[in-house]
Structure formats: C-alpha cells, structure tokens
Amino acid sequence: MNAPNQSGWKPQMEVADATGEMVTTTGNRALMLEEPLIFEIGHAETTGVDLPEVDEAAPSRLGGLEREEPIGLVGLTEPETVRHYTRLSRQNYGIDLGFFPLGSCTMKHNPRLNEKMARLPGFADIHPLAPQSSVQGALEVIYQLAEWLKTLTGMPAVAMSPKAGAHGELCGILAIRAALTAAGNPREVVLVPESAHGTNPATAAFAGYKVENIPATPEGRVDVEALKARLAPDVAAVMITNPNTCGLFEKDFRTIADAVHEVGGYVYCDGANFNAIVGRVRPGDLGVDAMHINLHKTFSTPHGGGGPGSGPVVFSEALQAYAPLPFVRRGEDGTFELVEEETREKSRGQTFGRMTAFHGQMGMFTRALTYMLSHGADGLKQVAEDAVLNANYILRSLEDILHAPFADSGPCMHEALFGDKDFGGGLSTLDLAKGLIDEGYHPMTVYFPLVVHGAMLVEPTETESKASIDQFITAFRHVTERALAGDEALKQAPYFAPRRRLDETAAARKPKLAWEAPAE
Amino acid sequence: MNAPNQSGWKPQMEVADATGEMVTTTGNRALMLEEPLIFEIGHAETTGVDLPEVDEAAPSRLGGLEREEPIGLVGLTEPETVRHYTRLSRQNYGIDLGFFPLGSCTMKHNPRLNEKMARLPGFADIHPLAPQSSVQGALEVIYQLAEWLKTLTGMPAVAMSPKAGAHGELCGILAIRAALTAAGNPREVVLVPESAHGTNPATAAFAGYKVENIPATPEGRVDVEALKARLAPDVAAVMITNPNTCGLFEKDFRTIADAVHEVGGYVYCDGANFNAIVGRVRPGDLGVDAMHINLHKTFSTPHGGGGPGSGPVVFSEALQAYAPLPFVRRGEDGTFELVEEETREKSRGQTFGRMTAFHGQMGMFTRALTYMLSHGADGLKQVAEDAVLNANYILRSLEDILHAPFADSGPCMHEALFGDKDFGGGLSTLDLAKGLIDEGYHPMTVYFPLVVHGAMLVEPTETESKASIDQFITAFRHVTERALAGDEALKQAPYFAPRRRLDETAAARKPKLAWEAPAE
Amino acid sequence: MRYLPLTDTDREEMLAKCGASSIDDLFVDVPEVARLDGPIRDLPMHASEMAVERHMKELAGKNLAAEATPFFLGAGAYRHHIPASVDTVISRGEFLTAYTPYQPEIAQGTLQMLFEFQTQVARLYGCAVANASLYDGSTACWEAVAMATRVTRRNRAVLSGSLHPHYAQVVKTMAQFTGDEIATAQPAITPEPNLDTLTSRIDEDTACVVVQYPDILGRVCDLSTVAEAAHAKGALLVVVNTEPVALGALKSPGEMGADIVVGEGQALGVGLQFGGPYLGLFAVRDPKHVRQMPGRLCGETVDAEGKRGFVLTLSTREQHIRREKATSNICTNSGLCALAFTTHMTLLGEKGLRQLAAENHRLACLAADRLEKVPGVSLLNHAFFNEFTVMLEGKPAREIVRDLADRGILGGVSLGRLYPGVEALEHALLVAVTENTTEDEIETLASELEAVLTQETQMEPAQ
Amino acid sequence: MRYLPLTDTDREEMLAKCGASSIDDLFVDVPEVARLDGPIRDLPMHASEMAVERHMKELAGKNLAAEATPFFLGAGAYRHHIPASVDTVISRGEFLTAYTPYQPEIAQGTLQMLFEFQTQVARLYGCAVANASLYDGSTACWEAVAMATRVTRRNRAVLSGSLHPHYAQVVKTMAQFTGDEIATAQPAITPEPNLDTLTSRIDEDTACVVVQYPDILGRVCDLSTVAEAAHAKGALLVVVNTEPVALGALKSPGEMGADIVVGEGQALGVGLQFGGPYLGLFAVRDPKHVRQMPGRLCGETVDAEGKRGFVLTLSTREQHIRREKATSNICTNSGLCALAFTTHMTLLGEKGLRQLAAENHRLACLAADRLEKVPGVSLLNHAFFNEFTVMLEGKPAREIVRDLADRGILGGVSLGRLYPGVEALEHALLVAVTENTTEDEIETLASELEAVLTQETQMEPAQ
Ligand SMILES: Cc1ncc(COP(=O)(O)O)c(C=O)c1O
Ligand SMILES: Cc1ncc(COP(=O)(O)O)c(C=O)c1O
C-alpha cells in the first residue's frame, strides 16, 4: 500500500483551543501536540528495520501454511516511530512530571539506578531455561530478594513467582485452600471487608470461595465483634488489608488473627499498603499466614502505565509446605538451585502447583533488590516514617475545609481519606479531580474505598518534598473552595489537558476496540 | 541552610493563561508545567548522593587552602532532580517532538543506535591518555571514521580534533596560513561572500586576516567576475560555502578554485551544508583545499541544545603536511598509533600545532561512524537526494504565495530560501515564525543569510515524511496568508507556548546572568 | 538519603502541624507486640549508588549473557534483536512512571498506544478484538480456559499434549480449585501432531480444546479440522502461540477458526529477562464474546469538544467494579511490555515482520539441515518455523545440554527438563534459531554437538 | 532504509511537483567533473542495526574500560561516579534533539538550565559571571588569553610552567597566528611551584599570567601573591582548573584574586569518553568584563505577560551579529555536557560536593602514603588534592606505565608522555585517585608497582 496513508487521514485538522479562540490549522497548541494513529500515517511497505528482502523462492518447511492474506499491519521508519511515541508520551502524566497522589497505588519516585541495573546484559539477556550453572547470579538475585522479603515481614517463606498483587492474592488463597484441603475440607467462605480492594473478592471467588462482607466500625476499621460473631468452621480465611484502604492501621489485627486461627481458618493480609510500615512493623508479628507484596509499590518498580508488577507472597509456617513452584534454594556448596517440578521431590512436597511459566518477574526483582540495597534497613524505616508523616500533614492541612470521615480515628498511615460532603452546585469528587488536573496534578484515587461517599484517597509517598506538598495543599484548598462554592466552571474542567472530559458512556455503548479503515 | 528554600519562593503563583481567563493558582496549565530555579527549591544541606559525612578531623594536605566560605550551591534529592529537569525539558522543542526546519543546521533525526553505541563502556569509559595498547578499538574508530571522511570527500587527509564547525574553520585557515608562511608570506586578506555564516569572517579575523566581502550575483551565487577581479598576491584564501547559504550549488566553484590557485591562494570550503551532496559529490573534485564537516549536522550527532559538535577538516595534498596533531596512523602490523607531539617527528613535520587537548570528540566519532555504517554508500547518497527533494518540494509548494528570491536560479539544494516581501500590517518574518510556534513547529532560520530581506531559510532534511512536510506546508501557507493579510493577532504570537514573546532588549540593558537571592 | 527529600527541619514543622511530638506518635495504633525499636537487624544499612552498582554488576557478571555465546534456546522465550529506539520509548518518564490510565484526559499517550496495540494484536492473531494485555502467555492460557467455561457454561477443558508443560501446569493448578476438569496428555514424539486423538477427546461436556501453534516440539499443522470438531460439539477452540514472529509467515489462528487466541508477546520488544516480565496476549475472533473477556480494554470515544480520544471501557467486567463477579481478578497487567511490543511492531510493520519471519525460517531450515548431518542426530519435525526438535542418540539430552554449556554454547532446551520422568522425551532436544543466530554459530553448534556426542559417556555434575 | 521515510511513490509525486523527471534534474548545477554515477566505491552498503551493533561492540571490546581495572589516570581528565539519573536527563529527547535556543518561547528548558549552570559555575569559581560553556578547558584557556589581550590592549601572555602542556600547546598554536607573544617555561620538579620566578616574568607589556590550580603536577598553593603581582603591573590573572571537584575543598580562584577563571568541567556528569566531548568553563570575577567574554550568555528577562523567562543575551559580542569583530568565532558549544554537569552538580549540592571532595582527598592521601612506602618511589608534592606526582627510580615512568598496563593496571600518566624529550620529567608519574578508587585497588597498585620496579629492566614493545 503506497497511498500517503491507508485512511485518508488529513494532516491538518482545524480545532479551536480550550477557550474557543485562537484556532490553529494543525490543532496543535505550541508544545501540546496532536498525533494521529499509526494506521493513519504508516504504510504496509514502510519499515523501520533493515532486513533482507523476502526470497519467495527460498525453501519453505511451513507445512503449506504460508500466510497469504495481508496481516493488516503498518510500519513507520525510526524517525517517525520515535516522534510518534514521544508526542504520545507528552499527552501523559507521570511521577517524573509532578505530584501523583493516587491513593493505594504508592506512586513513589522510580530510582534510575534500578533501571540501569535491570538493563545489564547479565540480567536482561539471559534465558529462563538456561542451564543453571550459567545463571548463578540471577538465581542469587532471587535468593537475596527472597531473604530481604522474609526478614522485612518476619515470615519464614516466600513465593516469588506471582506476577502482580492480584496474582499474589490468588497464590495466597490457593495455598490456604490447599492446606485446608489437605486437612480434609477446603471450607466455603472467605470474609472480606467492604472497604477491600476489588481484587480481594474477585480472587476469593476465582479460587472457588463464597465471599461475605465484614462490616466496618464508624471509625473505619474492621468490626471485630461482628467478625468474631461470624467466625465458624465454614470460614476458610479472612482477607484484610493492613494498613487498610481507609488509611488506618488495623489495631486489633492480632486479636482478629487469633480468633480466625481458633476456628481453624487462615489470615490473608493484603500487603498493598506495606509502604506505611516497611522497616517498622513485621506482619509476621501480627499473625499473618499469607501476604502479597507489590514490588511495584513499596519497592518502587515502575508502574509503566499499568504494569508490569510483581507480587511475591510471604507465608507462615502453616502454609510454607503448600507454596508454589519454582523457588530458589542455596546448596551447602553455596551454589544456587532452582527447584522445579523436575526436582520437587526435594521439598515443598505438597506444593499446590505453579502460578506461571518460568520463575516470575526477574526484571522487577533486580530493580527491587537494587532499591533495597540502596535504602538499607535504616532507609526503609525512614521511607515508612516519611510516607506516614506526609500523609498526616496533608490530612491535618485539609481537614478544616474538606470532609475527613476518619480524621478522629487517630493518625492515618500513608494515605489520607476525604469525602465530597457539602460540595455546592451539584459538584462532585470527579469535578474536584478534574480541577486538580488543570492545576498540574494527577488526581488522588476517587470513589475508592466504597465505604466513603465520593471518596478521595490521597497517598503522597515519601519521595515528595515539603515544598511540593505545600504547593499541592494550596492548589487542593483552592479547588476545594471552588467546589464548596459550587463554581460552575469546575463542571467543565479540565480546560488545559490534551483532551476535555471524555464520553465514557458512548465508549461503552458501542465499543470501538480496534482501528478500522474508514469506508471510502 | 534549612529554610524551606533560600529565596522565599512561594510554590504558588497566580497566573492567567494565554487568553486571560481560567486562572490556575499554580500557574500550571495541566501538562504545561511551571518550574522554579533550583536555587528556589534546593537547600545547601540537601543532596542527591550518599557519600560519607566529612570528617573534619581527617588529615588534610591541602596546603592550608581549605575552602571556608559557603560556595553557594544548593542540592536536590534524586526525585526532585529528575522532576526538575523533566519539567524543564517539557518547555523545549526538539526533533523528537516535530518538524524542525532550521536552515543551515540540518536538524535530522538522531538514530538511537548511535546513542547506545556511544555509551558502551569500551568507548565511554576510557581515558584519553591510557596506554595505546589498551585503547586500540578507540583508535580504530577514529581511523575508520577518518577513512570514511576522506573517501566521501575525495581528499587525501583529515584532521579529526576540531571540536565544532567554527573550530574546524580555524583549523583550516591556520593550515592555509602555515602553508603560506612556509612559502614565505602569510598574505593579508581572506575573501568571504556576504552570504557567509558569521563564523567565516570571525574565523578569518581570529587568524589575523583582513576580511573582504565577495559580492553576489542577483541569482544568489558568488559573482565570479568580481571575485577574479579582486584576486591578487595579497589574497591568502577565499572561504566559500557550498552548497551556499542561499541553498544553491556554486556552479562555478571549480573555476573559482582554479583562479584562486593561480594567484597562489587557497580555497576553504565551508562544509556545513555537506548534507545536500554527501555521497553524490566529492568536494575534492571541485578544487577544495580545506573543508570542515559538521558531524553534528550531516552525520546526525545530536545538537543537544547547542552542542557538543565535531568539526573534522579534510585537506588537499597542498595542505596535508600542515595539519594539526594528533592523528591516528595504522602500522604495518595492523596496530593503530596515535601520533602526538611525542612522535611528531614521524610525520606532519610541518604541523601548525594543536587545536585542543587530547584527540577530539570521541563521543561524536562513535555516533557518526555508527551512522555511516548504518547508511552505507547507497544510504548516504539517498540521504542527499531525499534532503534535496524535500527542500525543492517545499520551495515549489510555497513560491506562489511567499517571496522566493532565487526560485528562478534553478533547483535549490537542501534548503529553500524565502523573504518577507509584501507582508501586511507591518508584520515581519519574526511574526510569521512565532505564528508557526503556535501551529506546533520550530520555526525555520530567520534573518539569515543577510543578503535577503527578512530571510527565512527552510531546511527539511531527509528524515521527514511526505505527510509531515505536507502538514507543514499547510500550516506555513495558513500563517503566511495571515501575514500577507496583516493579521494583527500574529503580532502577539505565540499564544500557547510556555512563554509569550520575551523582552530581549530588557535582558541586554541590565544583564542578569546569574541568580541572586532576593534581598529580604 | 538520596531518595528522601524531607529535611529534619521539614519533619519537625510537619510533626508540629500534626500535633505529634515524635514520629512514634503517628504509629500509636501499632500494637506493642509488633513495634520494632530500631532498624531491622540482620539487614545492611543504606549504601551509595556506587556501592550498590558494584554489587549488582558482580551478580550480573555471574551470568552468561546470551549475546556472549552461540545461543539456541526457545521453548516459549525467544531472543530477537530489539531496535535501540524501543528502549528510548519505554524509558520516557511519561510512560515509565504513569499509572493505569484512570484519568483519561492526561493519559491519552498510554491509551492511544494501547488502542494501537490492541489493533496490532487482533490483526496478527486474525481476530476481531484483543485486550490491553495480561501477565504472560501461561496465565493468558488459563484465562482463556476460564472464559471458555463462562461462554459455554461447561467445565471441561481438553489440553493438547503438545501444549507448553508450564502452561498446562498453570491451567491444572488453577482448575483444581475452580472444580474445572482438565484433560491433559503427554506429547507424542511424532513428526506431526496427531489431531485425531486430540479431536477424539472432545465431547458434549467440553468447554474448549487448547492447542499450541507452533507447538512445544516446534511442529506446525492446520488446525481447521480441530476447529470444526470443537464447534461441532459446541466447544471453543483456544489456540496458544508463544512466538508471535511465526505469524509473520504462518496462517493466523483466527483464519483457521480459533475462537480465542492467546499467547506470549515477549519475543517482540521485551527480551528474555530470565522469564519476566513478559506479555500476555489475549484476543477473540467473534466480537460477541467481548463482554466475557478478562483484563482491560481500551476504546475510542470523543471529548466534550468532539475531539477523538481514548478511554478504558467495558469496566463492568472488571474487579474494581464487579468485585466477586468479575471476569478476572487481574488489575495491574503488562502495560510497559505492551508498549515495547507495539513499538517494535510499529518499527517492523507488515513488511518488516514478514522479512523477520522469513529470515528466522531460512536460518532454522539451515540449522535443521546441518544438524541432521551430525551422526547420532535425527530431525523429528516435518514442518516447523524457527524451532524444531532433534532426537539424540546416547546420553540424555539434559546431559548433552550441560556438556555444551561447559563448552560455552547454549545449545537448546532438553525436553527432559520440561517433562521430568517422561522416558520418551529424555533424548529430545529443542533447538531455536532467530535472526540473531549467525551461520557460524550454527556451524559451531553442529561441530560441538558432534564432539560431545562422540566423546564417551561420563558422569556430569548435577545441574 | 530505516531512517528514510520517503516511499518511492512519495518521491515520484514530489519530483512531479518540482517539474523534475528524475532526481538528477535537481543536481543539474553540479559540474560534470564532480558528478558520480553510482554510490561511492570502496565503501560498504547500508547495514542492519544488528550488523552495525556487532561491528561497534567488537571495536569497543578492544578497549580496556576503566571500570574493569584498577585505574589511576588523571592529568586533566578524571573518572568520577556519575549518578544514573544524569543520563536520564540528558537522554530526554527535548534536550538531546534541540538546537541552540534561538526561539526562547519554546526553549525555556535549555535556557533555564543554562542560567542555573552559569550560576553554579560562577559560584564554584568564586566569580560574578560564567558563560554558557566553551568546547573544553584547553580552548577556554586560549579564549581567556585572547580576552585578556582585548581587555588590557597588551599582547604578551605569561604561562606558568606547570600549566597542562596540551593547554600551553593550544595557546601557542593560536598565538603564532594572532601575533600575540606567549612566554612559556618547563615545570620545575619541586615540591612546591616557585611563584617568584613566575611573577618575575610579569612586565608592563603583560596582558595576563596563566596559572593552573591544582597544577599539572597536582600541586596547590595560594595564588594571591601572583594576583597582586599581576595587578600591580596592570595584568590580569587567569587561573585554569582541570578538576572542578577540587574546588569543593580548595579556596576558589576568585577568592584568591583571579580575574578570569577557566577550566575543564568533564569531571562532573560528562565522563572520560577518550577525551571528548568535554566542557569548557569560563568565568570572570568582575562583571565589568562581561562584554569582552567569548561564547553564549543566558540572561533573565520577562515575557509579554510579565512572567519570568530566559533568553540568550549580549549577542552583539558574537559572530552571528558581529562577524569579523566578534569576541570569538565560537558557535556550537557544549550544551549537552553543560546539562550533564549541572545535573550532577544539582544532585551533589553544596553538601555533596564537599563530601565528594573530602572523600577524594582522603583516598589520595591514603594512596600517597602507601606508594611512598614502595622502595624506589618518592612523593614529590607537599600539598595536593586528588592527584600527585611520584618520582620513580630505575626505568623511565613511561615504561613502568606499560609494564603495569600489561598487568591489567592503569597506574597513572607518565609525564614523559606529556613532555617528550624533557629529561627531568622522564621518571615522574602522575597518580590520580577518586571516590571510584577502592583501598584494595590502591594496595594492588602499590604491590604491582613494587613488583615492576624490582623486576630487572627489559625492553618493552613500543607503546
Ligand atoms: C489494596 C490493593 N490490593 C490489591 C491490589 C492489586 O495489586 P495489583 O494491581 O498489583 O494486582 C491493589 C492495587 O491497585 C491495591 O491497591
Ligand atoms: C554555514 C555554517 N557555517 C559554519 C557553522 C558553524 O558550525 P558550528 O556551529 O559547528 O561551529 C554553521 C553552523 O551553524 C553554519 O551553518
């Protein structure tokens, strides 16, 4: 296809700017640049690589399955490719640009040394099935990281292979189910607080359990009495997030754990918020049986616009034997061994199986280990303390104008939770969030947890300076005042972003999920 | 200093946007972010590195010259540093963002393989004075690049050490002066066309020559007759840019060269525009005695916001012996040798000396060699052809509405030259340039060359697609029509850039060239 | 601490604002039992970048990087040349340090990229719709089985014997808890997969049949008959692909009637990375199945000014809305790997991908022919793309692989490692070849293999 | 061609628009004699990224990277640890692929960075104003001499004997054409530089005296007396610094009365790079000299809305305005190296720079003490920062350096290489130590040096 492009896309598109004035013929606004789809500028004949021309006469052993029809792909040369993605990137907000207080997501700075180390050929260019003698350094990375995680959590075992938090949750619940099954009865129910992240109930259901809600107290914590009342031999496990999604530490976790253990159940802890306590509290001391750790949160492996993550799961004595394969063991001679199905007999005889092909998110392991070595035990403790201090500072700097439902429940942990009470003119949390976008911020998490109306969950993390947080507070107060005053203009925000508010309803009504050449 | 910052800089700054509406309290406009100076957010006590605390008691052998007074520097942690420079970078325009037709500057795409190769420890982490046996690969890079340059230009020798084009000019003129001096008389005058780049006369003057202008013909080329008329034994050299800065090929270059040689003078060719002819024409065939090559133009080493560059100079037989030190020689045994003062006796006995410490811009050499190997002889020829085709396409697509003084002088080379004739309402080239900024483009070179009123020199380079150039033409026509129509609004452009027009007069009247803490 | 901006003065001022006299006041809710006095013992203290870099480089130095040796490993992870500009793109802070695009007005970069990615994957697979990525091929395989059970309301899945054993393991692991029944088999060591035995296992209770293409032995064959057989019984055909480059030369699964196509996308843009992070690809041929898909979907829409824009859509399938009724529990996926994949694919384009596939096949044919000439080596496959199985006489393949490694050659994957205890596979070696393989390296493998095979058997140290 | 977007169809359409039947029509103005028919012969054709990468890696592999060996080289180029984030910053496309900021409204990133850079350099040097960079230290040194002649309207420069010989060479090379007179001398091998002999060479025709600090032998001493002597005669003091880290511990040249301070900035952010690109620093103590400075200057101003912004200013000094009357012919400078320098300096800050300097000095003292214990080695310097000179008995230092290199140690720079033919310096070895040097490496150097010195002399292959 050699037409200028496949879609008849015209390079110019008359578009007015936010204020309806100052039209540019390109639709660009100086450095705020429009960018078409690759399918609108690429060609089937264009390529950004220099490979030998296909020799049609060459012998083929494809069993007569040659692909004859056009695939429908287009290519760009390197200059066009670099520019296309650079322009797209400029329509994105990231931690590198500014404050990104997305509650429950721990958007902390991603150290660049970690990126550099992960790219060393010795880590990036090795095959998962290479003879183990040729990858001792890689196995040692996994081993060292595992040791750090066990020590930081005070737990005896860890499964490294889960690919993200939710995968870790599954890993933990499966181990619990395996243990219960081995004991004769997998049981039926997993108890989950209303305030829990969606992955908790979804995971329990995926593992074949019935999910029941645990009520919360007015102060935003698990209602221990109600929970105890529900505990019975049909309860396989409770899944509790601690610090919880309201940003509070579950004071009575230990009591809960003991009660659950009493009825023969297990305690799963969602460790997504580990950043608040890392280096200061060991979940193992709280009676946890299984907990996943999001390396892409607490240990700063980059979120990358939605992943990849890594969700190792630490286990108590009781569950250790059921952990999945593979894992790394250090031999007497100091060499490292990857224990797979092949060698399973050697241990974890009761392993419930395998979570994924190969051995987990190596690229994240190297980053997380680099992060841990950089911070050390003292630095990690400081991480938790500064994260919690920043969150409390924000809570106390905003509670006077913004509804803070749990402000009286004591100090918050690493995130501050607010609600949209008293907003004027029918304005909502969403409007405030969009107003913050114009001010140059990524909004906090909105409408989660579900237990608070118009919830706004603000997680500053420890990598923000006081000056940065002070500016955010000023901006947040400014927009909040507009919201309380019912400022109409806020309904239209954002004004300055690459796009105004997008029509999500239309998107869902008749989904357009792939590009199609417009009919001639 | 532990105050939040040293300047009392307030994180918030009420600023209206372009249209005077939609104030944000931060001054940010969504992804268009304001950023203070490091001195306004940094602290003397803050640092982004982890080094041992200074031990005041440690033995000092500084001869009692300890620095007692504060230096006055501030530090930022890594998160703040990465964000500071990322935010600043977003206030910049670069080739990666869009079309950058800055005439005479050859803003072509910078291949990323080149960046990767230059960062290999084997190139980036070696010392210029390391024993030569330990840096044979580096010497081979210089040698191979030198061979490429000699072959592409058809010249017998090359000096690799000049740091940029202007430095190369100096190198060439000094070699000429050395040759003339050796012949008994350095002579007094260097002839330079009015259309020449400012570095040409500046260089000649720096080398102790009197500069005289060569007049141009109405069609934009050197006036050969006038030049011949002026040639005399006092003329040391002529400096001619070919293709010239009007974007034309100097047809009569060979004739001129012969005439100059007849009176015992030398021909210096400014090779900044080599991109138009690389792989298609060898300057050596035109009678050139010395020519610099901007590796940061033709051979795509990045401009980096103003450098570094690299300006190797090729020499004719006549000048070869006077070339500066050092240079790389290949021994019979295939080993490479760096010839320095130490070993000068071995050759270039008459070298005029040394242009710089060490051996030149190695980091640019690796990039340029990578570029050459990628393109090859066929690719480089295509580079010149596509660069010239793109420029002519622009010339012919705009000449109907924009004054193109030399449109009838035949095809242009790699750049198209226009003037601001017939603009309405007192609008000028500058206004058109600022209008293009709003449209999402970096303007062309303006007011150079001096021979054309309100000159606009458009150099597309070969790394732009037709779609990209078509969109530019559309935008350019749009803004040109506004200029011809005398559209008042254009006087205020740009509207959407990080800053509106800046007051350069005020800047020069009382220069503020360093930050100073505001008086309390 | 180079990553922690708060100064001591900041901390004091902020504690004061919080009415706290010390940081401990903010941790009062932590029960006594769980409080630690100082930094955790048995762990090192913070270290400079220089020191950490030394440590990590030392560890990296203990691994034999593929670039440093003749390399023939595959079995679900392939080593292709990744253009330098891919790393430039994924290193852009705006991509690297962004979160899932929950605020679309300032996430159009990620969203448009995902829309382009979904389109590329759908077309590569010959499907209508692809999602925004899953963890990896193996988990995508399980998600496909789970989806098939939802679509068909049946709970029995038939896995081909020549499905990657790790993938089969993952499916079986998950199924044992969901109560789904998984019918598996061992790969038959035949030049061509026996589709009849496979189709014969499909019955009225079968939700789906899962086939790998090319399969774990590198074999390729037309799956249309399997599709027909499955559809005849009201079951879905799930096709698994672990080498996307193959589809630049081979008919797409969609063209052969696959209902769900899943696979591993690591081969493009992502690299080996010792097994992760990788990229799970997931697509469906029939748009009507979209609402049963797992994972995120990016869709086109318009903004308040009518400009085209992109958003995450159909979220009512997902855990954050649907909770226990979600189609999957996945949240974080493989966003940045998807970016690497789509960037590489954009650089290739239709032309480049076909050239890349052709070059891989050319070299693989070369290697197969050459290895067959080695005494004691026989080629199993009739057809293959860039990976094939050879049977070795004498020692088990696992020992041969170690012998070759001792000679600095990564000669292939022994099926014995993947199928511990399966006699029939002990002597099978899986050899993969890509554009990165030189003809010299093929020659080296052949001659070294010959040397190893002919040297009299001797005990090797355990791997 | 992966870098050339035009398709053949594009080319046809565009040629048509230009009224050309073939590309040759656009090159008609090239005289017959100079036309080439095909691609230039004797050069290879285009190659894939994979092939080029192989070739370049092979060349890189032939060099002994400093990170791979005990390393003690200095003499104007120093190896410090560069934080990883520096490369992140200079790799941002908006910085990397920008040109000189001629359009300030869309170049505020580069301009503000330069303003911050100028401020840092001025403060480091103890000066009022610094420019936006020159090529490197050696050319900055010549520019300083040239500026001094403009300011004083005199044309004689006195160079200290302990100025880096390459710098002296560059100054002499330039001066021979400008007619300026350059008085040079050899470095005297004394524990301290003899300032009296230097000041005695200053007379009424002297435009400036040029002194390096720390000097080429690593020596440091108070230059106030030289400043006074120079000023007494109406001459300027030019101080050259090749190791900016030293000024984190040592009094600044400005404090000692230097009028112009120039130096090499490579040590911070830029790296070794076999000698280039490097970073020329240039500053003046007295603002009144600003209009005689070479190179670009970035200044603060406001935009039409009153917002603070930055522009290139005082351009009437420069070639593009002043042409033959410009203060220098420089155009392209070292912008990206300035960015690397300023980023590294921002990461250090006052505290980090002082810590870095202290650590360098601590290790250098350690090394000096240890090497002095080696039989046949004596320390020359009384005072030094992170580099010092040792005198070796027996073989010339140049051979010792080669012997050490053969043992995989880069033990220092032999002054013999810098001063060919100068007897007195034949046995002098310049040893540099930075935070990158480990105490083990110092021990290794000492013991290997001992081994080399004691082994009986034998002919070495020419370097
Ligand atoms: C509280 C909580 N639990 C679980 C998860 C799921 O983790 P992941 O996204 O890594 O699967 C998240 C992440 O958003 C979370 O915030
Ligand atoms: C025609 C011409 N000559 C000389 C130069 C000077 O080259 P450099 O900037 O590399 O010193 C330039 C660069 O702008 C130029 O365009």
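The chains referred to below are lettered A, B, ... by the order of the sequence lines, with proteins before strands, and numbering in each begins at 1.
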Charged N to carboxylate O below 4.0 Å: is that the case for [X] and [Y]?
X      : Y      : value
B:R90  : D:E94  : no
B:R499 : D:E105 : no
D:R35  : B:D285 : no
D:E13  : B:K466 : yes
B:D96  : D:R92  : no
B:R67  : D:E255 : yes
B:E69  : D:R123 : no
B:D386 : D:R11  : yes

Task: Criterion side chain to side chain contact (heavy atoms under 4.5 Å, CB included) on D:M56 and B:L373, from CA distance to verdict - done: CA-CA 10 Å; D:M56 295 304 289; B:L373 292 166; 3.9 Å; yes

Using modelled atom types and a 3.5 Å cut-off, is there a donor and acceptor pairing between side-chain atoms of [X] and backbone atoms of [Y]?
X      : Y      : result
B:N92  : D:G109 : yes
D:E116 : B:I38  : yes
D:R417 : B:L129 : yes
D:T301 : B:A506 : no

Heavy-atom pair count under 4.5 Å with chain D, highest-scoring of [options]:
options                       : result
B:G309, B:G360, B:A138        : B:A138
B:G94, B:G363, B:G379, B:A357 : B:A357
B:V211, B:D503, B:I71, B:L120 : B:I71
B:A497, B:G63, B:P443         : B:P443
B:I95, B:D125, B:T47          : B:D125
B:P121, B:G208, B:P308, B:G75 : B:P308

Side chain, backbone, both or neither: which part of [X] has an atom under 4.5 Å from a heavy atom of chain D?
X      : result
B:L97  : side chain
B:E464 : backbone
B:L152 : both
B:A204 : neither
B:P59  : backbone
B:M107 : side chain
B:D55  : neither
B:S310 : neither
B:L65  : both
B:L286 : side chain
B:D378 : both
B:H84  : side chain

Sort [X] into side chain, backbone, both or neither according to what part of it lies under 4.5 angstrom from a heavy atom of chain B.
X      : result
D:A34  : both
D:L353 : side chain
D:V311 : side chain

Report the distance from atom [atom1] of [X] to atom [atom2] of [Y], rounding to the nearest 0.5 Å.
X      : Y      : atom1 : atom2 : value
D:L297 : B:L513 : CG    : CG    : 5.5 Å
D:L356 : B:L51  : CG    : CG    : 5.5 Å
D:T88  : B:E78  : OG1   : CD    : 7.0 Å
B:Y85  : D:M113 : OH    : CE    : 8.5 Å
D:Q108 : B:E35  : CD    : CD    : 12.5 Å
B:H375 : D:L43  : NE2   : CG    : 14.0 Å

Task: Geometric class of the D:F177/B:F352 ring pair [parallel <30°, tilted 30-60°, perpendicular >60°] - done: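 The rings of B:F352 and D:F177 stand perpendicular, inter-plane angle above 60°.
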
Task: Mutual orientation of the aromatic rings belonging to D:H164 and B:F358 [parallel < 30°, tilted 30-60°, perpendicular > 60°] - done: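 Rings of D:H164 and B:F358: perpendicular, over 60°.
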
- [ ] Decide side chain to side chain contact (heavy atoms under 4.5 Å, CB included) for B:S397 and D:K17; before the verdict, give the C-alpha distance in whole Å, the side-chain angles of both, and the deciding distance to 0.1 Å.
- [x] CA-CA 8 Å; B:S397 302; D:K17 174 78 186 176; 3.5 Å; yes

TODO: Side-chain contact test, heavy atoms from C-beta onward, threshold under 4.5 Å: evaluate it for D:E350 versus B:V74 and give yes or no.
DONE: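 A side-chain contact is absent here, since even the closest heavy-atom pair is not under 4.5 Å.
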
Task: Side chain to side chain, D:L347 and B:L76, heavy atoms closer than 4.5 Å - done: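 Heavy-atom side-chain distance check fails, nothing below 4.5 Å.
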
Task: B:G137 versus D:N63, closest heavy-atom pair with distance - done: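 Scanning both residues completely, I find the closest heavy atoms to be N-OD1, 2.8 Å.
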
Task: Nearest atoms (heavy-atom pairs only) where D:S85 meets B:V82 - done: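 So the two residues come closest at CB-CG2, 3.8 Å.
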
Open item on the list: Is it true that B:R354 and D:S138 share a donor-acceptor pair across their side chains at a distance under 3.5 Å?
Closed with: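 Looking only at side-chain atoms, B:R354 and D:S138 do not form any donor-acceptor pair under 3.5 Å.
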
